[in-house]
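Below you'll find the structure, written out as structure tokens, and then a few comments.
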Amino acid sequence: MQTAVTLFSSRSYWLTITAASLAMLVIALYYQYALGEEPCQVCIQTRLWVFGLLLVSMTLAALPENRHLRLSGNLLALTCAVGLGERAWFLYQLENGIGNGSCEFQLGMPDWFAVDQWFPSLFEVRNLCSFTPEMLFGVSMAEGLLLIAALLGAVISCALVSHQMTGRAEAKSTSASR
């Protein structure tokens, strides 16, 4: 148990999430530019959640160890994982004809957050929602994103539980020393 607590409070934990986020972005860009699979609105929205996770994890890896920063970072990371999962679920439903929605040929962000205009090579919508490309083992990209979001959510939830347990242990040791 102590090993998990040590891992979740280490810089390695945040660097691992950074590496996973970077890998997801590189894979998305590979499919877009090398394989010609143009992204739809929901694909770009998932990319934004992954980019948010990348920014959170890079920031926490660079900052000094602090209990409150770690809690805030894990809560932000969990928000990104949940957002990624929601968008992946929406895309999965559209792909399988069970969803009740559609997508547009524009990102739909407000003018003050026009990332599709600032960084079109990363965030420009270039296709309408339909089927996502097949990846390894016959898994579609939407299914892969669902699995990754679930795994991230589970790991980050474990980190939050670990954070709570260390807080209780610190409180007990503080009250015992009084």
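The figures that follow rest on heavy atoms only: side chains count, while hydrogens, waters and symmetry mates do not. These numbers were taken from a predicted model, which means no experiment stands behind them. We count residues from 1, following the sequence as given.
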Report the C-alpha distance between N66 and R70 in whole Å, list the side-chain angles of each, state the deciding distance to 0.1 Å, and finish with yes or no for side chain to side chain contact (heavy atoms under 4.5 Å, CB included).
-> CA-CA 6 Å; N66 178 300; R70 192 171 69 232; over 6 Å; no
Can you check side chain to side chain contact (heavy atoms under 4.5 Å, CB included) on L107 and L48, steps first, answer last?
-> CA-CA 11 Å; L107 188 53; L48 283 168; 4.1 Å; yes
Determine, stepwise, if the pair L122 / L29 fulfils side chain to side chain contact (heavy atoms under 4.5 Å, CB included).
-> CA-CA 8 Å; L122 285 175; L29 293 173; 3.6 Å; yes
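Atoms CD and CD, on E134 and E37 in that order, are 11.0 Å from each other to the nearest 0.5 Å. Here C43 contributes atom SG and E38 contributes atom CD; the two are 10.5 Å apart, rounded to the nearest 0.5 Å. Between N74 atom CG and L160 atom CG the span is 4.5 Å, to the nearest 0.5 Å. The distance from the OG1 atom of T46 to the CE atom of M24 is 9.0 Å, given to the nearest 0.5 Å. In this structure, the separation between CZ on R67 and OG on S72 is 11.0 Å, given to the nearest 0.5 Å. Atoms CE and CD1, on M135 and I27 in that order, are 5.0 Å from each other to the nearest 0.5 Å.
Between R47 and L25, the closest heavy-atom pair is CG-CD2, 3.5 Å. Residue W49 comes nearest to C80 through the heavy atom pair CE3-CA, 3.5 Å, listed as atom of the first residue, atom of the second, then distance. Shown here for Y13 and A159, the closest heavy-atom pair between the two residues is OH-CB, 3.4 Å. Residue A149 comes nearest to A81 through the heavy atom pair CB-O, 3.8 Å, listed as atom of the first residue, atom of the second, then distance. Taking both residues in full, the closest heavy atoms of C40 and V125 are given as C-CG1, 3.9 Å, listed atom of the first, atom of the second, then distance. Between F51 and F123, the shortest heavy-atom distance links the atoms CG-CZ, 4.0 Å.
Looking at L84 and L53, their side chains never come closer than 4.5 Å, going by heavy atoms from C-beta outward. You'll find the side chain of R11 reaches within 4.5 Å of the side chain of L15, heavy atoms only.
Side-chain contact, E95 with T132: a donor N or O sits under 3.5 Å from an acceptor N or O.
A continuous path of hydrophobic side-chain contacts links L78 to L60 [ILVMFWY only; heavy atoms under 4.5 Å]. Cluster annotation: V115 and L54 are assigned to the same hydrophobic cluster (Ile/Leu/Val/Met/Phe/Trp/Tyr, side-chain heavy-atom contacts under 4.5 Å, transitive). A continuous path of ILVMFWY side-chain contacts below 4.5 Å connects I44 to F119, so both sit in one hydrophobic cluster. Hydrophobic clustering, with ILVMFWY side chains joined whenever heavy atoms are under 4.5 angstrom apart, keeps I98 apart from L147. By the rule that hydrophobic residues join a cluster once side-chain heavy atoms approach within less than 4.5 Å of another member, W14 and L71 end up as members of one cluster.
By the 6.0 Å contact criterion, OH on Y31 is enclosed, its count of non-hydrogen atoms from other residues, nucleotides or ligands being greater than 12. Within a 6.0 Å sphere centred on OH of Y33, other residues, nucleotides and ligands contribute more than 12 heavy atoms.
For E143 (side chain) and S140 (main-chain N/O), a donor-acceptor pair under 3.5 Å exists by modelled atom type.
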